[in-house]
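Report on one structure; see the data block that follows.
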Amino acid sequence: MSIGLTFTGKIDGPQALLEAARVLVDQRNYRLGAGESGLRIGMCPLGGEVDILWRPEGEAAGPWLVRGECISTPAGAGLHRAAVELLDSLPIHALEVQDETGFYRHRDYQRMKQEHFYPWLRTLVDVCRRESGKGCSGFQLCWDLEQYAPVDIPDTVITPMGRFHLSELTGMVERGGIEALAGRFFLWENRTPDARFFRNRALNALWEKCYFAPSARSLEDTAINGSILDDLERAAKLDPTLPLPRTSYLEVCALAEREPVLPDGPELREDFAPGYRKDPVTHAVGALRLTLPGIYRYEWEQWEHGGGAHLWCGPTAESPVWRVNAYRAREGGAAFTSNLDALHGVEQRQLKTGALRWGWREIQEEGERLYQVECEVIAGAALYFLTATCASSGDLGQVAQTIGQISVVNNTAKKETIHTS
């Protein structure tokens, strides 16, 4: 079960709450997003957000009713404390907080960790201990299933804070107690954003977000690489004795074309070096599973006359560009169309719970000859249409290998994932 809090109350109006939230966000270096019916204050990664919804109690002039929540795991007890103190500072009247940890009432930080966050973490350790040595696959802890899936390595666990051997997590507890693991597993373990907070925030970005691509490629790469370097440099200033991923720091400095400034200090040594995206990752579009190099960036491509496509672009302009669209049959199961009949080298094969068919053709774009692979995948009532546009015929072999790895899953299939929620 996850740890968190919910709350209800009243406000004079949305604008007054928004103005107060903007002040707090600036003071505490948080992020603010707002819409017509509510706002979200982001305090840290790993779900570190307070969501607030509002509606008029009667007349639009007020008062207005509000309700909200914050889920504190897996970010940590520091987030829980920050969320409570944020509620203290917002202009919410008749505030009622349902805090399962009791921290809103007693404000004893160590008690909250000992009675709630450490037992929660021990539950995860017990799961890892039971599975260790069995060669289990697809094992994930607190991983967001809406995003990509990293490469599977048997007898390891995927977490937002990195990949670990199952025995490694239990070993941390046996050697240093639950506190030792908490300091590495929770992003925000201590009361305030200290050196460990910034180190762990950088580790999460290195493992989960970083493409390990040059900052010059995109604004997204610039922001990710820069935040990692800033956090590690700040951590080193706050605590020069804290072990840091210095090898990864130098790697990202090169990608960002930034001069390294970390002073000498201890290296964080673990079984796996940071970076899920250094390996291929698997993307899900409905039941479809498409495995691409981790360096590929995803975005939604909006079309001018409506609709759009899932789009993945590689590290260079010459890399194959992948698009995926999903359709659903109105009645019965989906079937292949005749659109691929005129393509070169058409092949068809059965999948475990579906089938695919693909071929290729030459196209002209702005006077340039390109090569486009088209692929249809059927899975029950769903039809997926994929294209891979290549600058060179030499890329067709790579695209064929990728198509050879495509799979579809049964909608009722469940991954072996521990959500603790």
Side-chain angles (χ1 to χ4, degrees), residues 2-3 44-47 73-78 113 117-145 147-190 196-210 212 228 231-232 235 242-249 251 266-282 294 415-421:
S2 60
I3 298 174
C44 73
L46 306 191
T73 47
K113 289 204 296 185
F117 282 86
Y118 289 171
W120 181 90
L121 187 55
R122 285 191 184 96
T123 299
L124 300 190
V125 174
D126 290 341
V127 172
C128 292
R129 184 179 290 110
R130 290 196 301 268
E131 299 299 326
S132 181
K134 297 180 180 179
C136 63
S137 298
F139 198 73
Q140 301 171 348
L141 292 177
C142 310
W143 187 255
D144 181 4
L145 294 182
Q147 65 170 333
Y148 66 86
V151 164
D152 182 42
I153 299 177
D155 219 36
T156 69
V157 59
I158 292 165
T159 81
M161 295 301 296
R163 184 191 296 276
F164 302 93
H165 283 112
L166 292 171
S167 58
E168 186 180 1
L169 293 183
T170 57
M172 284 187 197
V173 176
E174 291 168 359
R175 292 189 301 270
I178 195 67
E179 295 85 355
L181 178 58
R184 178 62 182 84
F185 188 89
F186 290 128
L187 188 147
W188 197 342
E189 158 69 354
N190 295 326
R196 193 175 295 273
F197 169 87
F198 292 108
R199 192 275 305 273
N200 287 0
R201 189 166 72 175
L203 281 170
N204 169 245
L206 281 165
W207 273 104
E208 190 172 356
K209 300 182 179 71
C210 188
F212 291 90
I228 290 168
D231 278 348
L232 291 177
L242 183 67
L244 301 177
R246 295 171 182 273
T247 302
S248 295
Y249 170 81
E251 187 176 0
E267 174 84 21
L268 179 66
R269 301 189 182 280
E270 296 181 319
D271 290 350
F272 297 97
Y276 290 125
R277 286 188 171 274
K278 287 184 175 181
D279 296 313
V281 300
T282 299
K415 289 205 75 171
E416 188 176 3
T417 305
I418 305 300
H419 292 286
T420 64
S421 61

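Both backbone and side-chain heavy atoms feed into the values below; hydrogens, waters and symmetry mates do not.
- A 4.5 Å side-chain heavy-atom check between Pro280 and Val151 finds at least one atom pair inside the cut-off.
- Classified by interplanar angle (parallel below 30°, tilted 30° to 60°, perpendicular above 60°), the ring pair Tyr276/Trp207 is tilted.
- Side-chain atoms of Arg201 and Pro45, non-hydrogen and from C-beta on, do get closer than 4.5 Å to each other.
- With rounding to the nearest 0.5 Å, the separation of CZ in Phe186 from SG in Cys142 is 8.5 Å.
- Smallest separation of non-hydrogen atoms from Ala202 and Asp231: CB-CB, 3.9 Å.
- In this structure a side-chain-to-backbone donor-acceptor pair under 3.5 Å is missing from Asn190 to Phe197.
- Looking at every heavy atom in both residues, Asp155 comes nearest to Gly133 through OD1-N, 2.9 Å.
- Nearest heavy atom pair, residue Pro245 against residue Leu206, reads CG-CD1, 4.0 Å.
- Atom-to-atom distance recorded for Glu270:CD and Met172:CE is 5.5 Å, nearest 0.5 angstrom.
- Remark: the backbone N or O of Gly183 is paired with a side-chain donor or acceptor of Asn200 at under 3.5 angstrom.
- Residues Pro74 and Leu124 form no side-chain contact, since every pair of their non-hydrogen atoms from C-beta on lies 4.5 Å or further apart.
- From Met161, atom CE reaches atom CG of Leu141 across 13.0 Å, with rounding to the nearest 0.5 Å.
- With hydrogens and angles disregarded, no donor-acceptor distance shorter than 3.5 Å links the side chain of Thr156 to the backbone of Asp152.
- Taking CD from Glu251 and NZ from Lys278, the interatomic distance works out to 3.5 Å, rounded to the nearest 0.5 Å.
- Residues Leu203 and Arg184 form a side-chain contact, since some pair of their non-hydrogen atoms from C-beta on lies under 4.5 Å apart.
- Side-chain atoms of Gln140 never come within 3.5 Å of backbone atoms of Ile158 as a donor-acceptor pair (strictly under, hydrogens ignored).
- By the 30° and 60° cut-offs, the orientation of the rings of His165 relative to Phe272 is tilted.
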### Message
Show, in sequence, the C-alpha distance, side-chain angles and deciding distance for Cys128 and Leu166, and conclude whether the side chain to side chain contact (heavy atoms under 4.5 Å, CB included) test is met.
### Response
CA-CA 5 Å; Cys128 292; Leu166 292 171; 3.8 Å; yes
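- The structure places CG of Asp126 at 12.0 Å from CD of Glu131, a figure rounded to the nearest 0.5 Å.
- Taking 4.5 Å as the limit, every side-chain heavy atom of Trp188 sits out of range of all side-chain heavy atoms of Leu46.
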### side chain to side chain contact (heavy atoms under 4.5 Å, CB included) between Leu121 and Phe185, intermediate numbers included
CA-CA 9 Å; Leu121 187 55; Phe185 188 89; 3.7 Å; yes
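- Taking OH of Tyr118 as the start and CD of Glu189 as the end, the distance is 4.0 Å to the nearest 0.5 Å.
- Sorted by first then second residue, the salt bridge (charged side-chain N to carboxylate O under 4.0 Å, His left out) pairs that include residues 161-180, not counting sequence neighbours, number zero.
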### Message
Let's go through Thr170 and Ser132 carefully: what are the C-alpha distance in whole Å and the side-chain angles of both, what is the deciding distance for side chain to side chain contact (heavy atoms under 4.5 Å, CB included) to 0.1 Å, and is it a yes or a no?
### Response
CA-CA 9 Å; Thr170 57; Ser132 181; 5.5 Å; no
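- Contact annotation: the side chain of Ile178 never approaches that of Lys113 to less than 4.5 Å [non-hydrogen atoms, C-beta and beyond].
- The heavy-atom pair separating Arg199 from Leu242 by the smallest distance is CB-CD2, 3.7 Å.
- At least one donor-acceptor pair closer than 3.5 Å links the side chain of Arg246 to the backbone N or O of Pro266.
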### Task
Evaluate the criterion side chain to side chain contact (heavy atoms under 4.5 Å, CB included) for residue pair Phe117 and Thr73; output intermediate values, then yes/no.
CA-CA 8 Å; Phe117 282 86; Thr73 47; 3.8 Å; yes
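- A distance-only check finds no donor-acceptor pair linking the side chain of Arg277 to the backbone of Phe212 [under 3.5 Å].
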